[in-house]
Amino acid sequence: MNYYLLIPFLPLAAFIINILFGKSIIRDKAHWVAIAAVAGSWVVSVATLTDVLSGKSLNQDLYTWILSGGFKVSVGFLIDQLTTVMLIVVTTCSMLIHIYSVGYMHGDKGYYRFFSYLSLFTFSMLMLVMANNFLQLYFGWEGVGLCSYFLIGYYFNKKSASDAGKKAFIVNRFGDFGFGLGIIIIFLTFGTVYYEPVFSQAGAFAAKTVNFLGYDVHLMTLIALLLFCGSVGKSAQMPLHVWLPDAMEGPTPVSALIHAATMVTAGVFLVARCNPIFSLSETALIVVALVGAITSLFAATIALVQNDLKRIIAYSTISQLGYMFLACGVGAYTAGVFHLYTHAFFKALLFLCAGSVMHAMAGELDIQKMGGLKKYMPITYWTMFIASLSISGIPGFAGFFSKDEILWLAYSSPNPVGKLVWAIGAFVAFLTAFYSFRLIFLTFHSTFRGTHEQEHHLHESPKSMTIPLMLLCVGAVAAGWVGIPPVLGGGAHFTEFMKPILGHPEGHGTHAEELVVMGISVAAGFSGIGLAYYMYMMRKDLPVKLAAQFNGAYKVLFNKYYVDELYSFLIIRPTIWVAKNVLIGVTDAKVIEAIVNGVPGAIGAFSRQLRKAQTGFLHHYATIMAMGLLVILVLMLMR
């Protein structure tokens, strides 16, 4: 299996080639280098999956990275069931999005730079999921964060884009600080940062407590919650969710690759990978489940009233990530990863369809200015329609199998909050179906509400964009078929495949109860679609009347619960005030400048006084010398 090394290093080679020679030599052919590299990674990832399916696994160090006393870290790779699922997700989505980007980014001035960043991101994400130790995972973690900064702020001359890039980078620092502390405590506890010895020894520390900030806390709870801090930031969970909607300022392929299919799922991957630690702390699992459920509901309610096409899908991403954490919080790690896997396909498809609409609408994002696009863009319409059915959990589509697995395991879980998070999840299923088809009906049905010039230029996207849409559509439909549950006559192959790494909790209920829970979630999905059809196709005046009647609630949702404004008031403004009035006004102006300018000034003043002794008269110098000799003589006599 040594060929697995090609998986991360092919995209790295593509980045080096494009960043060095893309501007001068390769130019508008930069995409061929990037696509060839990621396609090679995909082929090797598929070969690696077949090896793992045949029972092979690998945990191997490539070379020693850091060696200091008893601290040793290597660049190493762990190939197991969880790794291979992530490899298939990352390389498949990345390859199709690379191909899509050829048409979407055609004619862009920074063409080579864009594909360089995509290749570097793919390398960083692959290093993250293939790592066999926490420090290499942290390297990949920060690498994808850096690439996210580059790609969100890709249009750096646009202030909103550069601000969004900085916002994403800064917000993630809060979560990554806790993540870093967690890794430090892991090393102090276990004497290593390698997964295998840490996870194998974790049970021995199940009852251990430590003093943290003056309090005795359960060690495994402390480590789990610190690691979860990183997940909250990277996967945009409350309260660090605010960066993801603004990240839509980047090109749409960036939204599909980084902020839907891969990077934001890194937090879910981290919790799943560290399941031996999280499973030792009921408190940590409850926190994970509640954060996921509340975030899921919070983001879904905001998506109900937004009009920006990409931001609706962005809040949908935050909500679906909440579903994944909800699953992990009730111990159903396999269900969480299963939803991660299916979500990658239908959410990447939704974003790329949004990009196709933008391409036809000359960058317009307001769905209130669209309508009737179905006849101009049939491929985009049908692929987005199928993706919406999948995310709504309609039976037969990928999202149905993974979402219902989560809801059933939450309902039947012995976790104290299991029933609560199930109820929230079932309600969110209704909201998800509603806002997804609100988007479909406002964008593609009825009459066109844009300008005559926009309507004149409406057209289907080129094949380089529509072919990836159709291929992702296959995943949005069929990706979930590998996890059909036994209650529906399936073999739950995905569950069995992941069981050696993630385990699988048995639902505390009968098949009849499982079918009832499934029926409730399916009914919620169809109800959401039906309500959206009634409000936006039959009673088109009703949304306006409801917004006017419940104006207060509408404003709160439309303004995203004013969380950004709250953070601005509590954190940003005080920080800027301290920076201006204390750091600049006092520390810089009166302390640092006093030292920097004061010391030379004092030396100058002393020099000016000393210069007065240089009179040029010989008798003055003779007198000074005589006085000096007299002082020396007196001192000698005193001794």
Side-chain angles (χ1 to χ4, degrees), residues 19-20 63-75 134-136 138-139 141-143 145-146 149-150 153 156 159 162-163 165-167 169-189 191-193 210-215 226 229 567-639:
I19 204 70
L20 292 179
Y63 66 89
T64 300
W65 178 17
I66 302 172
L67 182 61
S68 177
F71 182 67
K72 178 187 176 183
V73 181
S74 298
V75 173
F134 283 98
L135 206 60
Q136 184 179 325
Y138 196 77
F139 164 79
W141 191 275
E142 295 302 323
L146 177 65
Y149 171 75
F150 289 154
F156 55 84
K159 187 176 186 303
S162 61
D163 286 348
K166 288 184 286 188
K167 185 176 184 179
F169 194 79
I170 292 168
V171 169
N172 271 275
R173 299 287 68 73
F174 287 89
D176 292 356
F177 177 72
F179 184 22
L181 284 179
I183 294 174
I184 292 170
I185 295 177
I186 284 173
F187 175 72
L188 294 175
T189 301
T192 180
V193 291
V210 293
N211 188 276
F212 184 74
L213 300 178
Y215 296 94
L226 286 172
C229 285
Y567 286 176
S568 177
F569 178 75
L570 294 178
I571 300 173
I572 298 172
R573 290 181 186 176
T575 302
I576 293 174
W577 185 89
V578 170
K580 286 183 176 179
N581 295 281
V582 178
L583 296 180
I584 296 176
V586 177
T587 307
D588 185 56
K590 296 183 179 179
V591 178
I592 296 175
E593 288 192 21
I595 295 172
V596 172
N597 298 325
V599 172
I603 294 173
F606 176 73
S607 299
R608 286 191 294 273
Q609 296 301 318
L610 186 63
R611 195 179 300 122
K612 293 177 182 179
Q614 303 294 325
T615 62
F617 295 111
L618 184 60
H619 61 278
H620 287 172
Y621 299 149
T623 302
I624 293 171
M625 291 173 67
M627 291 175 65
L629 288 171
L630 179 62
V631 170
I632 293 170
L633 181 62
V634 170
L635 291 172
M636 291 177 66
L637 290 173
M638 289 175 67
R639 291 182 62 189

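By convention here, the first residue in the shown sequence is residue 1.
- Taking CD1 from Ile186 and CZ from Phe134, the interatomic distance works out to 4.0 Å, rounded to the nearest 0.5 Å.
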Leu633 and Leu629: side-chain contact (heavy atoms from CB on, under 4.5 Å), yes or no, with the steps?
CA-CA 6 Å; Leu633 181 62; Leu629 288 171; over 6 Å; no
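- No side-chain heavy atom of Val73 sits less than 4.5 Å from a side-chain heavy atom of Gln136.
- Taking each heavy atom of Asp176 and Tyr138 in turn, the nearest pair found is O-OH, 3.4 Å.
- In this structure, Tyr149 places its OH atom where only 12 or fewer heavy-atom neighbours from other residues, nucleotides or ligands lie under 6.0 Å away.
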Report all side-chain donor-acceptor pairs from residues 567-578 shorter than 3.5 Å, counting only partners two or more places apart or in another chain.
from	atom 1	to	atom 2	distance (Å)
Tyr567	OH	Pro239	O	2.7
Thr575	OG1	Ile571	O	2.5

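- To the nearest 0.5 angstrom, Leu181 atom CG is 10.5 Å from Leu188 atom CG.
- Minimum interatomic distance between Phe156 and Ser162 (heavy atoms only, all atoms of both residues): O-CB, 4.0 Å.
- Distance CD1/Ile632 to CG/Leu637: 12.0 Å, rounded to 0.5 Å.
- To the nearest 0.5 Å, atom CG of residue Leu135 and atom CZ of residue Phe71 are 5.0 Å apart.
- One finds the CZ atom of Phe179 at 10.5 Å from the CG atom of Leu226 (value rounded to the nearest 0.5 Å).
- Taking both residues in full, the closest heavy atoms of Val193 and Phe187 are given as CG1-CB, 3.9 Å, listed atom of the first, atom of the second, then distance.
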